[in-house]
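Scroll down for the structure; my scribbles are underneath it.
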Amino acid sequence: MLDLKILREEPERLAHALEDRGATVDVARLQELEARRRELLTAVEAKKAERNAASKRIGEVKRAGGDAAEAQAAVRGLGEEIATLDRDVAETVDALNALWLTVPNLPHPGCPVGRDESANPEVRRWGRPPTFAFEPRAHWELGERLGILDFERATKLSGARFAVLWGAGARLERALTAFMLDLHTGEHGYTELLPPFLVNAASMTATGQLPKFEEDLFACRDDDLYLIPTAEVPVTNLHRDEILDEGSLPRRYCAYTPCFRREAGSHGQDTRGLIRQHQFDKVELVRFEEPEHSYAALEELTGHAEAVLQRLELPYRVIELCTGDLGFSAAKTYDLEVWLPGQARYREISSCSCFESFQARRAQIRYRVPGQKKPRLVHTLNGSGLAVGRTLVALLENHQQADGSVRIPEALLPYMGGLEVIEPR
RNA sequence: GGAGAGAUGGCCGAGCGGUCGAAGGCGUCUGACUCGAAAUCAGAUGUGGUGCAAGCCACCGGGGGUUCAAAUCCCUCUCUCUCCGCCA
């Protein structure tokens, strides 16, 4: 959520930014609602001040033992006027809010302008796509031959877009998760968290999933709870409605969670394999920063995610999202794309974003600067560090060998209980 | 799931329907004292909205109601705690 002040002070800037994003928002309507809100508020507050003064006098009269019946009758009408105005205010505020919550964040000024992902510039590459003396297999083929991926039975259990991992596959998923957590906590200074995987609507609203993207979520309607689509939701909401001490910033958290996504609207995409599942594991990095440091923090956080790929010896590239491809809440985003030999292309494996104060304003996450009267909104950031399922895919496909076996990279050996190669059964 | 108790400012904790944005304590900040510190003393210390400003308005878990007036009365929801039951 943006600051409403922008409607008064820089409406053209808002309009331009939304246009760059390809968002259709009626700025004039917003301005009108905001003007009406303030107008009504001034009116009702004047009435309330009047009533408060009158009530105070009545109290004084009564305490002195006098009769205030006349004065009471005079104020009675005022109460009705106030009630009417209050309703008008509420109506206007509701309308304004409903619309305002659908307004996306403003892109960072340096953000490349473009309509869609084809306009995303590549920032850098690391590693070289491996060359094979044989036709590299897709991970689902490798996984099934190795007996570690089972899509058929998952379909029996749950339906499409689920998987069962067996044996070394399950172990590999666990190893990757542990490796990532150890790296981020041990070397990058993040504090490990294990949050709830179900959260309420208020949390989903604060981070921007609701109200706009409800169809992407799995909901438990009997309990008004949602399965988290990313750890970003519970971890960012940790400090909702809090005022943090300046000295406690920056805060760096990392959390493993499963993620649940309905993938509405992606029918027919990535139907095979692990790439697009309703449930997948992810290790997420979340940071709370002072505004002055948030963009430096984004670079650092992106580097932390990259470190995972480097240690796993997986070639990747970094791209920056253009205005048209930016997520709803983000001001700037780097995507990490890992090379997948099975598809002979780079695929997204991490998304690292700075949200500036967009989430903090919705979630009311602030910090106090000594000597300053008003608390300031923090800047929030987050990035996958990494999507574990897709990392497993990349590992299988990049480290596959001619006989269908898969080599375990050195960084992972301590987590695999001595297993160096996953062999076909 | 059953029975009971509770929700007030950064924390603890008072609060006859009007003088309560809220006593008192703790904490924090500023000043005095001190070579410095501790102790002591004095003062300050919630958030948001609106306004050029003075100010005004709102907020005592959420929502609704009664009243000229609600932290205080009524209804309702949520959450927490205690006991019992069940349970990984």
Side-chain angles (χ1 to χ4, degrees), chain A residues 1-9 30-98 100-101 194-206 210 219-226 234 237-249 251 258 288 357 359-378:
Chain A
M1 190 166 63
L2 296 166
D3 191 339
L4 276 173
K5 278 197 190 117
I6 196 170
L7 278 175
R8 277 181 265 164
E9 293 168 7
L30 283 164
Q31 286 182 282
E32 188 186 306
L33 284 168
E34 162 62 359
R36 176 154 176 75
R37 179 185 72 91
R38 279 186 301 148
E39 192 182 306
L40 287 168
L41 214 50
T42 320
V44 73
E45 283 186 2
K47 298 275 184 203
K48 283 183 178 174
E50 200 182 318
R51 180 180 66 181
N52 286 349
S55 290
K56 196 168 181 177
R57 278 196 301 276
I58 291 169
E60 280 160 8
V61 169
K62 288 204 155 186
R63 226 171 309 118
D67 175 25
E70 206 174 301
Q72 286 180 26
V75 186
R76 198 162 294 146
L78 206 51
E80 278 153 33
E81 283 182 58
I82 289 171
T84 306
L85 278 169
D86 265 340
R87 264 192 299 278
D88 291 348
V89 170
E91 244 170 59
T92 307
V93 166
D94 286 350
L96 179 60
N97 271 346
W100 198 234
L101 282 174
L194 187 63
F197 305 155
L198 287 165
V199 301
N200 55 31
S203 298
M204 286 294 185
T205 305
L210 291 179
C220 309
R221 301 205 189 281
D222 287 349
D223 302 284
D224 189 31
L225 290 170
Y226 297 85
N237 273 282
L238 258 193
H239 294 303
R240 172 151 52 90
D241 297 323
E242 290 187 16
I243 298 175
L244 306 168
D245 289 333
E246 184 191 39
S248 75
L249 295 178
R251 286 171 181 260
F288 300 83
S357 56
Q359 291 181 327
R361 187 171 294 105
R362 283 192 177 203
Q364 284 298 297
I365 306 168
R366 294 170 292 177
Y367 73 103
R368 193 178 301 285
V369 182
Q372 277 191 20
K373 193 166 172 350
K374 296 210 175 224
R376 299 176 79 193
L377 292 166
V378 303

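Sequence lines set the chain letters: A, B, ... in the order given, protein chains first and strands last, and positions in each chain run from 1. Note that the structure is a prediction, hence the values are computed from the model and not measured.
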Inset, instruction - For A:K62, report the nucleic acid contact type (base, sugar-phosphate, nothing); a contact means any heavy atom under 4.0 Å. - result: base
Legend entry - Identified side chain to side chain contact (heavy atoms under 4.5 Å, CB included) partner of A:V44 from the options A:T84, A:D88, A:V89: A:V89
Inset, instruction - Looking at every strand, decide which applies to A:I58 at a 4.0 Å heavy-atom threshold: base, sugar-phosphate, or nothing. - result: base
Inset, instruction - Name the nucleic acid region contacted by A:R51, choosing base, sugar-phosphate or nothing; use a 4.0 angstrom heavy-atom cut-off, strictly under. - result: sugar-phosphate
Legend entry - Distance, rounded to the nearest Å, where A:I243 contributes CD1 and B:U45 contributes P: 16 Å
Inset, instruction - Could you check which of B:C57, B:G51, B:U47 has an atom nearest any side-chain atom of A:R366? - result: B:U47
Legend entry - Whole-angstrom distance between B:U78 and B:G61, as gauged at atom C1': 8 Å
Inset, instruction - Provide, to the nearest angstrom, the distance between the CD atom belonging to A:E34 and the P atom belonging to B:U50. - result: 7 Å
Inset, instruction - Using only heavy-atom distances, decide whether a donor-acceptor pair under 3.5 angstrom links the side-chain of A:E45 to the base of B:G49. - result: yes
Inset, instruction - Under 4.0 Å between any heavy atoms, over every strand shown, what does A:R361 touch: base, sugar-phosphate, or nothing? Just pick one. - result: nothing
Inset, instruction - Tell me yes or no: between the side chains of A:S203 and A:N200, is some donor less than 3.5 Å from an acceptor? - result: yes
Inset, instruction - Please state the P separation for the pair B:A23 and B:U45 - nearest whole angstrom. - result: 11 Å
Legend entry - Partner of A:D86 under salt bridge (Lys or Arg N to Asp or Glu O under 4.0 Å), chosen from A:K48, A:K47, A:R51: A:K48
Legend entry - Side-chain donor or acceptor of A:R251 paired with backbone N/O of A:F288 under 3.5 Å: no
